[in-house]
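Every value quoted in this text rests on a predicted model; they were computed, and no experiment measured them. Worth knowing before you read on, the calculation uses all heavy atoms, side chains too, and leaves out hydrogens, waters and symmetry mates. Numbered from 1 within each chain, the chains take letters A, B, ... in sequence-line order.
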2 protein chains.
Amino acid sequence: MAEQKKNATIYDVAEKVGVSLATVSRVVNGNNNVRQTTREKVLQAIDELGYQPNAVARGLASKKTTTIGVVMPDVTNVFYSELTRGVDDIAQMYQYDALLTNTDDDQDRAVTALKNLLTKQVDGIIYMGTKLSKPVMSAISALRAPVVLAGSVDHAGQLPSVNIDYVAAFEAVTTNLINRGHQRIALVIGSTDRAIDQDFRLLGYKNALEKAGMAFDDRLVFAKARTYAAGTIQAADLMAQEVTAVLAYDDELAVSILNYYQDHGYKVPDDLEIVTSNNTNYALMARPELSSIDQPKYDIGAVAMRMLTKLMNGEKLDDTQIKLPYTLISRGSTRKN
Amino acid sequence: MAEQKKNATIYDVAEKVGVSLATVSRVVNGNNNVRQTTREKVLQAIDELGYQPNAVARGLASKKTTTIGVVMPDVTNVFYSELTRGVDDIAQMYQYDALLTNTDDDQDRAVTALKNLLTKQVDGIIYMGTKLSKPVMSAISALRAPVVLAGSVDHAGQLPSVNIDYVAAFEAVTTNLINRGHQRIALVIGSTDRAIDQDFRLLGYKNALEKAGMAFDDRLVFAKARTYAAGTIQAADLMAQEVTAVLAYDDELAVSILNYYQDHGYKVPDDLEIVTSNNTNYALMARPELSSIDQPKYDIGAVAMRMLTKLMNGEKLDDTQIKLPYTLISRGSTRKN
DNA sequence: ATGAAAGCGCTAACAA
DNA sequence: TTGTTAGCGCTTTCAT
């Protein structure tokens, strides 16, 4: 006695109205070559039958799935989830759905994800990994669906991307720290084989040192895992290096460093100044609150998705390397200039 | 001179090997009715042509898309993103892809999302909204694809769901607080029109009061928005009610209350004890660290997804209302018993 | 303005 | 073991 929910097809609608399926297809797709009266009859039949076009069949026939893929390291990281939120909102606005895949920044998984997305015939992809190894790059170029990087860049700068000017931001923060007299400023970044870390964050940091005539000391650069637990371990290393200021690329890491120092009797910002760079809620919840570079995370995702819609429409982009404005927010974890 | 990336189809493979497309289909789908030697030839041709089955065509023909939908309030909330992580990992394991939709717990958006997912012919859905209004419930029952609730329940308890025993957990925490002499214990939950809040969290709280012979005072129940900013506002209300203990259902909210009190000179846990219930990183990052109910968030998502795979396979479930074990974690925001 | 007909790339009976 | 033949539900020329 189970209710048989047989879906109405375009044939059922056509038959009911007494027109061909081509006509039904036209009204469904907003084609104007339909007389007003027939359009109305079709619409009514659609309503009565509860007809919903089958997106899969449509995708096969039209070669457009109105689905995009989002490849990211980890939804659980607030930075990425905020980017994703921006992507998803704009995607919904343009009637796209998003297939999400977590890769943990593992290059093999990223390649697998990309290939799989290809199989599913997505119309485009937002890629958030920070690492972009050779295999990943070649998987991307084998894609024939447009790809936009959000919060990331490739070394060659060939792929469209949306970011902030990491070089300038990291240089500015470092310079501020130098101006307040710091000699031993730690830089905490992701692994240095990533373009975004190596070519941007680290570069900004080095630029500031160089302009101040200070020597670069690679023992002050920390590039480890990005977990709260890993932060605690790194904090011990930082302490051993007797740094007096820290610039961290991730908020969870920054909070764990902050807590470690305070738990060991250090005063922040008196004994240690600390600046983070994602300005998530973590920065606000810490005590003292963390000074931070403020990246427009949601907007980075939103703009990337908007770019992707254009690309999927075959439009050319004037500018493929978008840099959104960032700001520097001064809070309790740093001293006043 | 653009590289023409024409995809190889099953026909190309069949032709190259000199067999019918049915045979190719068989080897692709692991059907055993293929002679070993032909299988090898087909495999080789597939490799040489770089043939990748088109999932859309396959979906149309087989009526299975190997895609599921995930409907959630907000990826940006760590609780949900952790559930999602569990869902995604198991989904990947079983070769499903997940379409993600944020609803902000807006019932209209949830209905729209559900209908859209229906259109895309997903094989199943994981639903994470905590609100389950009539329209949403009827959209779900119109779905003919299985649905599993993760971290949520419907009033009637008809939909398969994965949770912890919220009643027991909230009762236990409240009882502990009562045992330490508190008379005015605040309960901070989501809006009371949700089953999970009304029928579970609130019930557990009331049970504890009743067993202790204490009167229930609805002025001690707070049900507002779940944002860090909203938390600050609620904290002022809590203070006005002169509560001495707080049990909050969301970590960000709990941290904001904690900070508000401490910023106003209160000592935690001496002047106020506070317990939260999601045990995300926020609880660890707060100072003092927050005591919390520990829900196995990742597992809730993972188990829900596992259930969904069975349902999608047409298997019957022995138990549709899964309650995973929870624990109570005592940290600095509460006094010792 | 409307219809006929040929696919889109694949699965799944059914035959052989 | 392998091939033949219908579809799956829709879009899209091309006629009319």
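- Applying a 4.0 Å cut-off to non-hydrogen atoms, the residues of residues 36-47 of chain B that approach DNA chain D are B:T38, listed by residue number.
- Atom-to-atom, CG of B:D12 to P of C:dC8 comes out at 11 Å; the value is rounded to the nearest Å.
- Atom-to-atom, CD of A:Q121 to P of C:dG9 comes out at 9 Å; the value is rounded to the nearest Å.
- Counting to the nearest Å, the C1' atom of C:dA13 and the CG atom of B:N31 are 13 Å from each other.
- Applying the side-chain hydrogen bond (donor to acceptor under 3.5 Å, both in side chains) test to A:D106 and every residue at least two apart in sequence or in another chain returns nothing.
- Atom CG of residue B:N102 and atom OG1 of residue A:T84 lie 8.5 Å apart, to the nearest 0.5 angstrom.
- Looking at A:Y127 and A:V136, their side chains come closer than 4.5 Å, going by heavy atoms from C-beta outward.
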Walk me through whether A:T101 and A:R109 qualify under side-chain contact (heavy atoms from CB on, under 4.5 Å).
CA-CA 9 Å; A:T101 319; A:R109 286 181 68 181; over 6 Å; no
Quick one, give me the B/S/- string for nucleotides 10-16 of chain D, reading 5' to 3', where B means a protein heavy atom under 4.0 Å from the base and S means that only happens at the primed atoms, P, OP1 or OP2.
BSB----
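- Taking only side-chain nitrogens and oxygens, B:T23 never comes nearer than 4.0 Å to OP1 or OP2 of D:dT2.
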Verify side chain to side chain donor-acceptor pair (under 3.5 Å) between A:K120 and A:T67, making sure each step is shown before the conclusion.
CA-CA 9 Å; A:K120 293 256 170 154; A:T67 300; over 6 Å; no
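- B:N33 places its CG atom 13 Å from the C1' atom of D:dG3, with the value rounded to the nearest Å.
- Within the 4.0 Å cut-off from OP1 or OP2 of C:dG9, at least one side-chain nitrogen or oxygen of A:K63 is found.
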Go through it in stages, so that I can follow the logic: the residues are B:R85 and A:D104, the test is salt bridge (charged side-chain N to carboxylate O under 4.0 Å, His left out), and I'd like the CA-CA distance, side-chain angles, deciding distance and then a yes or no.
CA-CA 11 Å; B:R85 196 51 156 92; A:D104 290 319; 2.2 Å; yes
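- Between B:V28 and B:I46 the shortest side-chain heavy-atom distance falls below 4.5 Å.
- You'll find the side chain of B:I164 stays beyond 4.5 Å of the side chain of B:K323, heavy atoms only.
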